[in-house]
Number of protein chains: 2
Amino acid sequence: MRLSTKGRYAVTAMLDLALHGSDGPVTLADISENQGISLSYLEQLFASLRSKGLVRGVRGPGGGYFLGRDADEISIANIICAVDEWVELTRCRGQENCSRGHRCLTHSLWNSLSKQIYEFLEGITLQELIENSDVLDIDGQQKREKESLKLAS
Amino acid sequence: MRLSTKGRYAVTAMLDLALHGSDGPVTLADISENQGISLSYLEQLFASLRSKGLVRGVRGPGGGYFLGRDADEISIANIICAVDEWVELTRCRGQENCSRGHRCLTHSLWNSLSKQIYEFLEGITLQELIENSDVLDIDGQQKREKESLKLAS
DNA sequence: ATAATACTTGACTAATTTACTGGGTTTTAT
DNA sequence: ATAAAACCCAGTAAATTAGTCAAGTATTAT
C-alpha cells in the first residue's frame with residue numbers, strides 16, 4: 001500500500017465528483033479551481049481513473065466527468081490503486097533469496113501490515129465517507145467551532 | 001497521513017530491531033544486510049527515529065541499536081511520523097480562502113479520512129504486529145502454501 | 001594507549017516521482 | 001461553423017527518495 005499526495009489528489013477529486021455529480025457532469029476545470037490542482041495534472045489522474053472505470057467522461061460542450069459507478073461501489077483503496085502504481089520492493093518474493101529466516105519473517109510482517117491497511121481502505125467507500133464525515137469529524141469540528149462559523153454552507 | 005517507501009523502510013527496520021533486540025544491540029550493518037537497505041540511508045532514518053526516542057543507540061564495539069521503549073509502546077503511526085514529514089496541503093486551512101462551501105466540505109472529508117487512517121495506524125503497535133501476524137496472514141499464507149514451503153524457518 | 005567498532009554529521013548526487021506546461025486532436029451541443 | 005469540453009502526448013521543473021562519500025566523535029575490548 002502506498003499513500004502519497006498523488007493518491008490524496010485523486011481521492012479529493014473523486015470526492016468533489018461525488019458531491020457535484022448529481023447536478024450533471026463536472027468539468028476538470030471546476031475541480032481544478034475548487035481544489036487548487038492544475039488542469040493538466042488532473043487530466044493525468046483522470047486518465048488513470050478512467051482506465052479503471054472509476055470515472056466516465058462525457059465529451060463536448062456541457063460535458064465533464066461522472067463517477068463510473070455508484071459512490072457506495074467505489075472504495076478509497078480503488079482510487080489510490082488506480083493512480084499509485086503498486087510497488088512491491090521486498091527483495092525476497094515468496095521464497096527466493098531468503099538467506100536467513102529473519103528477513104522473510106520481517107517481510108512477512110510488513111506484508112501483513114500492508115494488507116491490513118489495504119483492507120481498511122477497501123472498507124471505506126466514497127458514499128460512507130460523505131455520509132459519516134459529520135459524525136467522524138465532530139471532535140475536530142468542535143475544536144474550531146469557537147473561532148469559525150459553519151464551513152460548509 | 002502519508003505512507004511512502006521511506007516509511008516502509010523505517011517500519012521494516014523497526015520490525016527487524018524488535019525481532020532481534022532481545023539478543024543484544026542490532027547493528028545497522030546487520031539491518032542493511034537483512035533488509036537490503038543501504039547503510040547510510042539507514043543512518044539517516046535512524047537519526048530521525050532516535051530524535052523521536054523510538055530507538056536507542058549503544059556505541060562502541062558490540063554496540064548497535066535497541067528499541068527506545070517497549071514494542072507495545074511503539075505504534076506504526078509513531079514510526080511513520082518520525083521519518084515522513086507531515087504535509088498539510090489543503091489550501092484552505094480552517095476558514096481562509098474558502099471561496100465556495102464545496103471546497104471546504106471536500107477538504108473536511110479528506111481530513112476525516114486522513115484522521116481515520118492515522119488512528120488506525122496509531123492503534124497498531126510493533127508488538128501486536130509481531131504477535132498477531134501469523135493469525136492475520138493466515139489466508140495470505142494459504143494462497144501461497146500450495147506452491148511454496150514455510151517461508152520463515 | 002590503541003585499535004576496532006560503531007554512531008554522527010553534513011554535503012553531495014543519481015534516480016524517481018510529482019506536478020505542471022504547452023501543444024495538440026477529437027467529440028459534440030449549440 | 002464554432003466553441004466547449006474531453007482526450008492525448010511530449011517535455012520538464014521541482015521535490016522527494018535513496019544512496020554515496022568523507023571526515024569526524026564516542027566507546028570499549030585488548
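Every chain is numbered from 1, with letters handed out A, B, ... down the list of sequences.
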Task: Under-4.0 Å side-chain N/O to phosphate OP1/OP2 contact, B:S4 with D:dT16 - done: no
Task: Length of the line joining A:R2:CZ and C:dT17:P, which is rounded to integer Å - done: 7 Å
Open item on the list: If I take atom CG in residue A:L49 and atom P in nucleotide D:dC7, what distance separates them, rounded to the nearest angstrom?
Closed with: 11 Å
Task: Short side-chain to backbone donor-acceptor contact, B:T12 and B:R8, under 3.5 Å - done: yes
- [ ] Take the protein atom NZ of A:K6 and the nucleotide atom P of D:dT17, then report the distance between them rounded to whole Å.
- [x] 14 Å
- [ ] Could you check A:R56 against B:V83 and say which one's nearest nucleotide on DNA chain D is further toward the 5' end?
- [x] A:R56
Open item on the list: Without decimals, in angstroms, what is the distance between B:L28 CG and D:dG19 P?
Closed with: 14 Å
Task: Nearest-nucleotide pick for B:D84, side chain only, options being D:dA6, C:dT18, D:dT17 - done: D:dT17
- [ ] Report the nucleotide, chosen from D:dC7, C:dC7, D:dC21, that has the shortest atom-to-atom distance to any side-chain atom of A:R50.
- [x] D:dC7
Open item on the list: How many whole angstroms separate atom CZ of A:F46 from atom P of C:dC20?
Closed with: 14 Å
Open item on the list: If you compare every side-chain N and O of A:T27 against the phosphate oxygens of D:dA4 (OP1, OP2), does one of them come in below 4.0 Å?
Closed with: no
Open item on the list: Quick check on DNA chain C: between A:P61 and B:P61, whose nearest nucleotide comes earlier from the 5' end?
Closed with: B:P61
Task: Residue pair B:N111 / B:S108, side-chain donor-acceptor N/O under 3.5 Å - done: no
Task: N/O (side chain, B:R59) to phosphate O (OP1/OP2, D:dT25) under 4.0 Å - done: no
Task: Phosphate OP1/OP2 of D:dC7: any A:Y65 side-chain N/O under 4.0 Å - done: yes
TODO: Nearest whole angstrom, please: distance from the P of C:dA19 to the CD of A:E43.
DONE: 16 Å
Open item on the list: Can you confirm whether the side chains of A:N34 and B:T106 place a donor and an acceptor under 3.5 Å from each other?
Closed with: no
Open item on the list: At 4.0 Å (heavy atoms only), tell me whether B:G57 reaches a base, stays on the sugar-phosphate, or touches nothing.
Closed with: nothing
Task: Residue of the set B:I74, B:L15, B:V55, B:L121 for which side chain to side chain contact (heavy atoms under 4.5 Å, CB included) holds with B:I79 - done: B:I74
Open item on the list: Testing the 3.5 Å rule here: is there a donor-acceptor pair between the side chains of B:Q127 and B:D70?
Closed with: no
- [ ] Give a yes/no answer on whether the side chain of B:Y41 brings an N or O atom under 4.0 Å of OP1 or OP2 in D:dG19.
- [x] no
Open item on the list: Rounded to whole Å, please give me the gap between CG in B:L3 and P in D:dT16.
Closed with: 17 Å
TODO: Look at the rings of B:Y9 and B:Y41 and say which category their plane angle falls in: under 30° parallel, 30 to 60° tilted, over 60° perpendicular.
DONE: perpendicular
TODO: Report which part of the nucleic acid B:L39 touches: base, sugar-phosphate, or nothing (heavy-atom distance under 4.0 Å, all strands).
DONE: nothing
Task: Short side-chain N/O contact from B:S40 to OP1 or OP2 of D:dC21, under 4.0 Å - done: no
Open item on the list: The side chain of B:Q44 is closest to which nucleotide in this list: C:dT27, C:dG22, D:dT20?
Closed with: D:dT20
Task: Gap between atoms CZ and C1', on A:R8 and D:dA15 respectively (whole Å) - done: 15 Å
